[in-house]
Amino acid sequence: MARRTVFRPEDAEEFGRVAHLVAAGNMALLGARADATEQARLRNAIATGALITSGRHLQHGNAAQPGRNMEVFTNCATAITSFALFHLLLNGSVGLPPEKWSSLK
């Protein structure tokens, strides 16, 4: 799947190069406030899997990111909250305190 969607011709199928492009895109959103040290840390976190990003972000993220439509990247921003909600639902949470659960029957 990575060959079909994530890797670009210039990546030579090296995930580290993908991580470099995605980190550059994220840091480009900061404009002049971008920090090269933070970009290197972000790149390493993505490349090692310490920071999980969505496939769309890996596919489209690069230094031109600030000029792209935000909709391409929004699933990246909401993925962790969606996962947390899913995890809570799997563990029985319905957003109500337990004493109110009987009202759901």
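Computation of the quantities below employed the complete heavy-atom set of this structure, encompassing side-chain atoms and omitting hydrogens, waters and symmetry-equivalent molecules.
Residues F15 and V22 fall within the same hydrophobic cluster, defined by Ile, Leu, Val, Met, Phe, Trp and Tyr side chains chained together at heavy-atom separations under 4.5 Å. A continuous path of hydrophobic side-chain contacts links M27 to L51 [ILVMFWY only; heavy atoms under 4.5 Å].
Closest approach of A47 and G16 over heavy atoms only: CB-CA, 4.5 Å. Residues A28 and A63 come closest through the heavy atom pair CB-O, 3.7 Å. Minimum heavy-atom separation, L29 to Q65: CD1-NE2, 3.6 Å. Counting all heavy atoms, side chain and backbone alike, A19 lies closest to I46 at CB-CG2, 3.7 Å. The two residues G25 and P66 make their nearest non-hydrogen contact at O-CD, 4.5 Å.
Residue E38 holds its CD atom at 15.0 Å from CZ of R43, rounded to the nearest 0.5 Å.
Side chains of L42 and Q39 form no contact here, defined as non-hydrogen atoms less than 4.5 Å apart.
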